[in-house]
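All chains are named by letter (A, B, ...) in the order of the sequence lines, taking the proteins before the strands, and each is independently numbered beginning at 1.
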Amino acid sequence: MKVAKVVVDVAVSAIDSLFDYEIPKQLQQVVKPGVRVIIPFGPRKVMGFVIEVTDFSHFDKLKKIDSVMDYEPVLTRELLDLSKWLQQETLCFRVSALQAMLPAVFKAKYEKEVWLITEEDQLPFEWQMFTQGREVFPFEELESAGIKAKEISKFVEEQLIEIKYVVKGKNKVKTDTYVERMVEEVKLIEQLDELGKQAKKQRNVIEYLLDHDKPLRLKELMQHVDVTRAPIKSLEKKGLIKLVQKEIYRDPHQANHELTKPLPLTSEQQNVINPVIDQINQIKHEMFLLHGVTGSGKTEVYLQSIDRVLQDDKEAIVLVPEIALTPQMVTRFKSRFGDDVAVLHSGLSTGEKYDEWRKIHRKEVKVVVGARSAIFAPFENIGIIIIDEEHETTYKQEDYPKYHAREVAKYRGKYHQCPVILGSATPTLESYARAQKGVYQLLELTERVNEQALPDMKIIDMRKELEKGNRTMFSDALVEKINDRIKRKEQVVLMLNRRGYSTFVMCRECGETVQCQHCDISMTYHRTNHKLKCHYCNEEQAMPNQCPECESEAIRFFGTGTQKVEEALKEHFEQARIIRMDVDTTSRKGAHERLLKKFGNQEADILLGTQMIAKGLDFENVTLVGVIAADAILHLPDFRASEKSFQLLTQVSGRAGRHELPGEVIVQTYTPEHYTVKLAAQYDFEGFFKREMQVRKRFLYPPYYFLVLINISHENHVKAVEVSQKIANLLSEQLGETVQLMGPSPSPMLRIKDRFRYQLMIKYKSRTDVDKPLENVLNTFQKEINREDLQLTVDFEPYYFM
DNA sequence: ATCTATCCGTGC
DNA sequence: CACGGATAGATT
């Protein structure tokens with residue numbers, strides 16, 4: 001007997017193991033590892049992933065696989081094994097790991113249906129009201145009609161009805177109607193004579209067909225010949241043509257890109273690419289850290305490394321952060337590798353993502369450029385993996401499986417014996433430290449390709465501005481420089497580096513701020529609909545006219561949002577044309593590209609935006625970059641706050657002077673003496689690294705120690721505290737001397753969505769020191785997680801501490 | 001997650 | 001003792 005070992009699509013700990021099913025004879029050809037199947041599970045039907053096929057099971061009474069959902073495996077052996085590794089590394093369920101590797105269309109939908117097995121009139125009158133002659137209807141309708149479970153099961157017993165569980169796949173392939181010729185050309189010409197005088201339209205169609213002998217889209221034909229379906233149908237009846245449904249791709253990047261040739265490399269670039277090519281030639285795995293200043297031509301190094309890989313008929317994965325934000329990047333890859341590129345990012349619809357995925361799956365492309373999850377691209381012969389802007393935190397997934405793309409890249413690089421390149425102008429301390437230790441091979445690009453010096457960065461002390469009596473958000477120096485650029489018809493990028501980028505509401509009389517009812521966070525004001533919104537739970541309420549506390553009417557919105565900066569800009573620079581980019585102006589699909597294109601066409605003088613404008617933009621006419629408040633994220637409750645600030649300042653300054661014209665940067669700050677601001681202004685990464693490493697060493701933070709964050713949340717505040725303390729006790733009993741346990745402490749945001757949140761942190765050197773104790777904690781509280789409303793999450797290498 | 005069997009309170 | 005709601009237990 002053939003047995004399939006299956007991961008069942010039910011994400012609970014009790015089910016988190018392999019279940020055995022008999023493979024019926026007629027399915028033995030298709031059921032292979034990586035194929036999704038529909039299996040009976042208790043009284044229901046659920047989806048499952050086949051992991052293995054064997055001849056033996058320890059169970060004696062096996063159920064049979066119902067049917068298959070795929071005729072080709074959707075996951076390779078490598079990815080199936082990788083899911084096991086992810087499960088162990090991140091402590092997630094195996095299904096969650098498998099789901100994370102596939103586009104959303106592969107998530108099953110479950111429906112319950114009621115089937116009549118007798119005549120309708122056998123049923124009581126109330127039932128006939130809504131069956132309305134239907135033989136099948138959704139179970140849901142019974143419930144909403146208020147029909148009791150007892151009555152339903154009675155009818156099932158009496159064999160009047162049957163309840164069926166259906167599993168629906170959503171992976172719908174888009175098709176289009178095509179017209180195919182069924183006969184020889186000569187035959188068609190003969191037909192022309194036989195057609196009656198009336199059949200003018202049919203004649204036109206045949207003539208068009210004779211001119212175009214490739215497969216034709218029906219729509220196209222109808223448009224070009226200006227006919228309706230009728231004449232085409234009659235031609236089909238005569239057997240001359242056939243209408244067929246063909247698969248098509250929803251192609252979001254249809255634009256034809258002119259192909260570019262590899263650029264000549266500078267000697268620095270050549271030195272950097274050589275060791276990579278060596279590894280490709282020797283089919284060896286190595287981690288490279290490519291540290292290159294902004295504008296040093298990292299992308300060209302990527303492109304030419306990939307080119308080398310493609311010559312060996314191998315594939316390449318390129319990860320880019322928030323790819324929708326850098327359409328310029330996509331264009332560069334598309335215009336070098338043309339149709340060999342698939343693009344995967346969050347801006348695509350589920351259907352579009354599915355289609356891009358299928359191109360990869362069918363090996364119709366060789367290169368995938370995508371956001372985090374593209375690291376799971378189902379290639380089988382990978383020759384290189386590139387992670388651009390490796391310091392970006394978007395490479396860490398925040399929900400289960402809480403994986404870091406860099407670690408997955410390492411896994412896959414080792415499996416395929418290929419190099420992995422991590423590229424950045426401001427590497428993470430973790431990566432740079434590893435490079436210094438020789439764990440990664442360090443590659444450095446110190447010069448800009450255009451031989452232009454890095455833009456001069458000036459620090460402006462905003463406290464002095466205030467002393468001078470300047471109460472605006474723009475320093476005198478910034479105003480002067482902006483005016484100067486407007487006069488010279490050059491462009492300015494202004495970054496409002498602020499978390500939340502919206503404004504909160506405060507009463508000027510009593511100081512009361514409007515807080516969300518469910519979360520410990522200020523509501524933010526949205527001008528677009530004049531409402532207050534909570535960023536965490538999306539609760540909305542009207543902007544109050546008076547203070548809810550003291551009834552004063554002096555209630556106003558505060559804080560420096562981009563909208564507010566935009567207004568201030570308009571006052572200061574009346575003739576300036578401004579483009580504002582923030583969540584409000586870029587939420588619509590394609591809005592991003594449109595705004596950037598407008599700026600690129602020099603239809604505006606100033607581009608004002610949040611951190612989203614710091615990355616990847618390349619406009620030749622930009623000669624001034626302004627940072628409105630450099631210290632905005634410097635004081636966040638996050639041990640990486642300095643590192644993030646340094647990265648951001650470096651990234652955004654790189655937007656200026658990328659081409660012929662020299663650039664300049666103005667950094668406004670209230671803490672000019674801070675080493676992060678100072679060293680960033682000098683582009684002294686090395687200095688910053690050394691300085692920040694001291695801090696990390698002193699406080700036992702990465703890269704000296706690894707971290708695990710345990711989040712505990714419960715609706716009941718007392719319960720949350722109690723459980724946190726119990727876990728802390730349990731852990732401190734079991735953890736050895738080599739690790740540090742911190743907490744429990746309330747999360748920076750104590751309450752979110754009516755849940756009270758506490759956290760514990762462990763600083764450790766080796767996973768073996770924490771794995772067992774954590775497992776014990778999870779086992780101990782498993783019951784409470786299932787029954788009570790306790791939530792417990794474990795996050796290795798956390799990036800988010802709020 | 002979701003279904004079934006079982007336990008216990010309420011009401012007649 | 002029937003009902004309904006909460007709850008333990010199983011799912012190959």
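Rounded to whole Å, the distance from CZ on A/Phe139 to P on B/dT2 is 12 Å. The distance between atom CD1 of A/Ile152 and atom P of B/dC3, rounded to the nearest whole Å, is 11 Å. Computed from coordinates, the A/Asp9 CG to B/dT2 P distance equals 10 Å when rounded to whole Å. Residue A/Met47 contributes atom CE, which lies 15 Å from atom P of B/dA1 at whole-angstrom precision. In this structure, CD of A/Gln99 is placed 13 Å from P of B/dA1, rounded to the nearest angstrom. The interatomic distance linking A/Lys45 (NZ) with B/dC3 (P) rounds to 13 Å, in whole Å. Rounded to whole Å, atom P of C/dC3 lies 11 Å from atom NZ of A/Lys148.
Taking the ring centre of A/Tyr764 as origin, the terminal cationic atom of A/Arg767 falls outside the region bounded by 6.0 Å and 45° from the ring axis.
Residues satisfying the side-chain hydrogen bond (donor to acceptor under 3.5 Å, both in side chains) criterion with A/Ser144, sequence neighbours excluded, are absent altogether. Residues forming a side-chain hydrogen bond (donor to acceptor under 3.5 Å, both in side chains) with A/Glu89 (at least two apart in sequence, or on another chain): none.
The distance between the ring centers of A/Tyr403 and A/Tyr411 does not fall below 6.0 angstrom.
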Nucleotides 7-12 of chain C: protein proximity per nucleotide (B base, S sugar-phosphate only, - neither; heavy atom, under 4.0 Å) | -S--BB
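Residue A/Lys112 is classed as a sugar-phosphate contact, given heavy-atom separations below 4.0 Å to backbone atoms only. A/Tyr165 comes within 4.0 angstrom of sugar-phosphate atoms only, judged by non-hydrogen atoms across all strands, and of no base. When heavy atoms are screened at a 4.0 angstrom cut-off, A/Lys150 is found touching the sugar-phosphate backbone but no base atom.
Taking 4.5 Å as the limit, some side-chain heavy atom of A/Ile39 sits within range of a side-chain heavy atom of A/Val46.
In this structure, A/Ser96 and A/Pro401 approach most closely via the heavy-atom pair O-CD, 3.7 Å.
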